[in-house]
Amino acid sequence: DAVWADDLHHQIRVHVAHEHEGYYEDFTGGMEDLAATVRQGWFFTGQRSKHMKESRGTDPAPLAPRQFVVCIQNHDQIGNRAEGERLSHDVDLPTYRAASALLLVLPETPLLFMGQEWAASSPFLFFTDHNDELGRQVTEGRRAEFASFAAFGDPARRARIPDPQAESSFERSRVNWRELDVIDHASTLRLYQRLLGLRATSAPLRNAGRDAFDARALDDETVLIERRDGAERVWVVVRLGGAGIANVPNARRAQVMLTTEDPDLAPDPQPIDVAAREDTVQVRFARPGAVLLRGSGFAT
């Protein structure tokens, strides 16, 4: 059995896309909270929800990490947006690659929404095919539900929200497979393929026990994921905003497995500089990105 766990999605959306309205008001998007969400599987474990005005969540400890289905986008989180925007529509490509790398190195089970793996340009709109009367109510209700959002306070702006009953809403939501020949999309697909390959073949990335991983904030923009299997280690340094330097402690003989700025994975690569010292690795980012390192180390 598994359970949908949307808190990771919400933390990332708040941080990289600056969402704050609706249920996003419960999330800070800070790296400490993001790391806690990764460690636990979900963020709320009984604390009070500002949005729901009551306590939310239960203790996740009895569940194995793979029982949590996590995502950075899914049909609800895209389709329920007024204009069906994907995460890749609201952030730049380096940030999208970094968020994608984070998702695919976690011990939880990742969900990939159609076209996510190549940063599809098509929206995913809310569409329906009801009879005329019910369809009219759905259209009116759909637009009314956004009245409390700042971007749609103007009735004229709400009237431009795509009509769920319109065939065009369905047609616009189809993915365009021809995009796979376009460099931005093709390079993103290669990133997903390589990360999924490592997830399947690397012993630390395959070991999904609760005692075989850790997550912690390195600074306000960077989170460190450590995966373990015996003496083997994989460290994943993910920077979700701007340029900066991060230090990975307790890393021995670390070697680079992959970066999101590898020439075949980034159309305009800005290399991530990795300087390995005896027990520390310094990672210098020119912009948001991620790097996977492998080696041996001590428990942290």
Side-chain angles (χ1 to χ4, degrees), residues 6-19 24 27 29-31 34 37-38 70-81 83-106 108 110-124 173 175-177 179-199 220-225 236-244 246 257-272 283 285-292:
D6 280 347
D7 287 2
L8 178 74
H9 169 275
H10 299 346
Q11 297 284 18
I12 290 176
R13 258 275 175 189
V14 169
H15 190 86
V16 302
H18 313 296
E19 303 276 3
Y24 290 116
F27 299 87
M31 293 299 98
L34 177 60
T37 304
V38 169
V70 296
C71 68
I72 57 174
Q73 40 191 357
N74 63 29
H75 76 286
D76 279 329
Q77 299 301 334
I78 304 172
N80 287 340
R81 300 181 68 81
E83 296 175 344
E85 310 98 310
R86 295 169 178 264
L87 180 63
S88 53
H89 298 161
D90 290 338
V91 302
D92 59 27
L93 195 53
T95 302
Y96 183 71
R97 290 195 297 265
S100 297
L102 174 63
L103 173 70
L104 293 179
V105 300
L106 299 182
E108 289 88 0
L111 177 147
L112 305 185
F113 181 68
M114 63 174 199
Q116 170 179 331
E117 67 273 31
W118 73 81
S121 66
S122 56
F124 185 72
S173 300
V175 293
N176 178 4
W177 293 93
E179 290 180 340
L180 294 179
D181 296 325
V182 178
I183 185 169
D184 285 4
H185 301 290
S187 58
T188 302
L189 178 61
R190 283 193 292 271
L191 173 66
Y192 272 76
Q193 291 170 329
R194 285 184 60 186
L195 286 167
L196 288 169
L198 290 172
R199 185 181 179 92
D220 290 345
E221 296 289 349
T222 313
V223 65
L224 172 66
I225 310 298
V236 187
V237 188
V238 181
R239 187 168 183 86
L240 292 174
M257 302 171 72
L258 173 152
T259 86
T260 54
E261 295 291 337
D262 288 349
D264 62 329
L265 307 180
D268 58 338
Q270 295 187 21
I272 298 172
V283 183
F285 294 91
R287 59 187 182 184
V291 57
L292 277 69

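We count residues from 1, following the sequence as given.
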Can you confirm whether [X] sits close enough to [Y] that some side-chain heavy atom of one is under 4.5 Å from a side-chain heavy atom of the other?
| X | Y | result |
| --- | --- | --- |
| D76 | D6 | no |
| R199 | P110 | yes |
| L265 | T259 | no |
| V238 | V105 | no |

Once ring pair (Phe, Tyr, Trp, His ring centres under 6.0 Å) is applied, do any residues pair with [X], and if so which ones, sequence neighbours excluded?
| X | value |
| --- | --- |
| H10 | Y23, Y24, F27 |
| F113 | F124 |
| F285 | none |

Can you check whether [Y]'s main-chain N or O pairs, donor with acceptor, with [X]'s side chain at less than 3.5 Å?
| X | Y | result |
| --- | --- | --- |
| H15 | I12 | no |
| E85 | D90 | no |
| E117 | G115 | yes |
| E221 | R239 | no |
| T260 | G289 | no |
| H9 | C71 | no |
| Q73 | L87 | yes |

Sequence-distant partners of P267, side-chain contact (heavy atoms from CB on, under 4.5 Å), two or more places apart: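 Counting only residues at least two positions away or on another chain, P267 forms a side-chain contact (heavy atoms from CB on, under 4.5 Å) with L93, R97, I183, D184, S187.
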Non-neighbouring partners of L112 that pass side-chain contact (heavy atoms from CB on, under 4.5 Å), sequence neighbours left out: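 Once residues adjacent in sequence are excluded, the partners of L112 under the side-chain contact (heavy atoms from CB on, under 4.5 Å) criterion are L103, L104, Q116, Y192, L196.
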Applying side-chain hydrogen bond (donor to acceptor under 3.5 Å, both in side chains), name anything that partners [X], two or more places apart in sequence or on another chain.
| X | result |
| --- | --- |
| E83 | R157 |
| D264 | R194 |
| N80 | none |
| T95 | D92 |

Which pair of heavy atoms, one from [X] and one from [Y], lies closest together, and at what distance?
| X | Y | value |
| --- | --- | --- |
| Q11 | G29 | OE1-N, 3.0 Å |
| R86 | I78 | CG-CD1, 4.0 Å |
| A120 | S88 | O-OG, 3.9 Å |
| E261 | P288 | OE2-O, 4.0 Å |
| S173 | M114 | O-CE, 3.5 Å |

Separation between CG of L195 and OG of S100, rounded to the nearest 0.5 Å: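 Here the interatomic distance stands at 8.0 Å.
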L102/I72 under side chain to side chain contact (heavy atoms under 4.5 Å, CB included): CA gap, chis, key distance, verdict: CA-CA 9 Å; L102 174 63; I72 57 174; over 6 Å; no
Heavy atoms from other residues, nucleotides or ligands near CG of D220 exceed 12 (cutoff 6.0 Å):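 Counting neighbours around CG of D220, 12 or fewer heavy atoms of other residues, nucleotides or ligands fall under 6.0 Å, so no.
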Residue pair V223, I225: steps toward the side chain to side chain contact (heavy atoms under 4.5 Å, CB included) verdict: CA-CA 7 Å; V223 65; I225 310 298; 4.3 Å; yes
Residues Q193, L189; criterion side chain to side chain contact (heavy atoms under 4.5 Å, CB included); working and verdict: CA-CA 6 Å; Q193 291 170 329; L189 178 61; 3.9 Å; yes
V70 vs V38, side chain to side chain contact (heavy atoms under 4.5 Å, CB included): CA-CA, chis, key distance, verdict: CA-CA 10 Å; V70 296; V38 169; over 6 Å; no
Qualifying residues under salt bridge (Lys or Arg N to Asp or Glu O under 4.0 Å), relative to E19, sequence neighbours excluded: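 For E19, the residues satisfying salt bridge (Lys or Arg N to Asp or Glu O under 4.0 Å) (neighbours in sequence not counted) are R13, R81.
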